Amino acid sequence: MRIHAIQTGRVQIKQAQIEGRGHGLWRQIQPIVSSEWAEWAPVYAWAIEHAEGVIVVDTGSATHVKSLPRLHPYFQLAVRFEIEPEQEVGPQLRRLGIGERDVKTVVLTHLHIDHDGGLAHFPYSRIFADSGEIARAAGVRGALLGYLPRRWPSWFDPQPLSWQPSRYGPFGRSVRLTAAGDVIAVPTSGHTPDHLSVIVRDGEEQIMLAGDASYLESTMLRGAIDGVGADEAAQEQTLADIRALCAARPTVYLPTHDPQSSERLAGRRTVAA
Ligand SMILES: [Zn+2]
């Protein structure tokens with residue numbers, strides 16, 4: 001199965017966001033107050049060329065995030081984006097020969113601005129996200145939490161994923177996104193409470209499109225949680241679940257912002273291989 005890593009520009013965040021420092025509210029404030037910026041990181045969207053139609057996982061960043069609400073401290077102090085119009089997901093898909101009507105399904109790992117930024121390119125797709133994530137991101141409360149619901153396309157009306165009680169490896173719930181059962185969503189709570197990841201089964205391997213379950217493969221392997229998720233125990237459990245998944249079957253692990261993700265996908269380099 002062909003999977004494309006589509007880099008929609010770059011993002012720069014603080015080191016204390018990639019790997020949390022301390023605990024509780026202190027940990028969550030560090031990405032804002034710290035002066036230690038990390039290296040610029042990629043922002044990936046993913047396109048799966050599936051026999052049942054193209055599936056896009058996350059829509060990446062977009063040029064509108066170069067200007068962010070001035071009153072929000074996270075936007076003003078903790079994040080910077082670089083992206084040009086031709087780097088948005090739509091134009092890049094067109095260059096791959098994938099038109100907007102070819103994309104049957106879009107799945108959002110969560111609704112942070114560098115994951116839902118490119119929604120405008122998918123007016124003909126069915127779009128899925130977790131119902132809790134959709135509710136959290138909407139309205140004034142969503143805006144306070146650092147989402148940008150006012151920038152969603154007017155037609156944006158995501159369908160809540162209907163989780164099934166069918167276990168997938170260490171994950172107690174899952175959703176099959178294809179009739180063939182080879183593209184599966186699993187809950188990866190932590191970075192946001194209702195964050196999800198998508199697993200593609202391809203022969204003996206599985207490819208995990210992990211969103212922001214961790215920023216890096218290395219932090220996942222060390223069990224190092226990020227600086228933004230509110231629930232430390234949930235993040236630790238998710239990272240442990242991912243390690244168990246990788247131990248049970250060869251897994252290519254692809255976080256959205258890991259500088260190695262594209263190469264890892266190209267070489268189908270599995271965790272600890
Ligand atoms: Zn995020």
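What you see is a predicted model; the values in this text were computed from it and never measured. Ligands are counted one by one from 1 in listed order, and the atoms in each one are counted from 1 as well.
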For this session: If the plane angle is over 60° it's perpendicular, under 30° parallel, otherwise tilted; pick one for Tyr147 and His112.
Result: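 Plane angle between 30° and 60°, so tilted.
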
Problem set entry | Every N, O or S from the protein that is nearer than 2.8 Å to the Zn ion (ligand 1) | His110 NE2, His112 ND1, His191 NE2, Asp212 OD2

May I ask you to say whether [X] pairs ionically with [Y], meaning some side-chain N is under 4.0 Å from a carboxylate O?
| X | Y | result |
| --- | --- | --- |
| Arg95 | Glu86 | no |
| Glu205 | Arg268 | yes |
| Arg151 | Asp116 | no |

For this session: I would like to know whether Arg264 and Asp258 meet side chain to side chain contact (heavy atoms under 4.5 Å, CB included); could you show each step before the answer?
Result: CA-CA 10 Å; Arg264 234 183 263 136; Asp258 190 327; 2.9 Å; yes

Exercise. Could you go step by step and tell me if Arg94 and Glu100 meet the salt bridge (charged side-chain N to carboxylate O under 4.0 Å, His left out) rule?
Worked result: CA-CA 8 Å; Arg94 276 198 293 284; Glu100 53 189 18; 5.1 Å; no

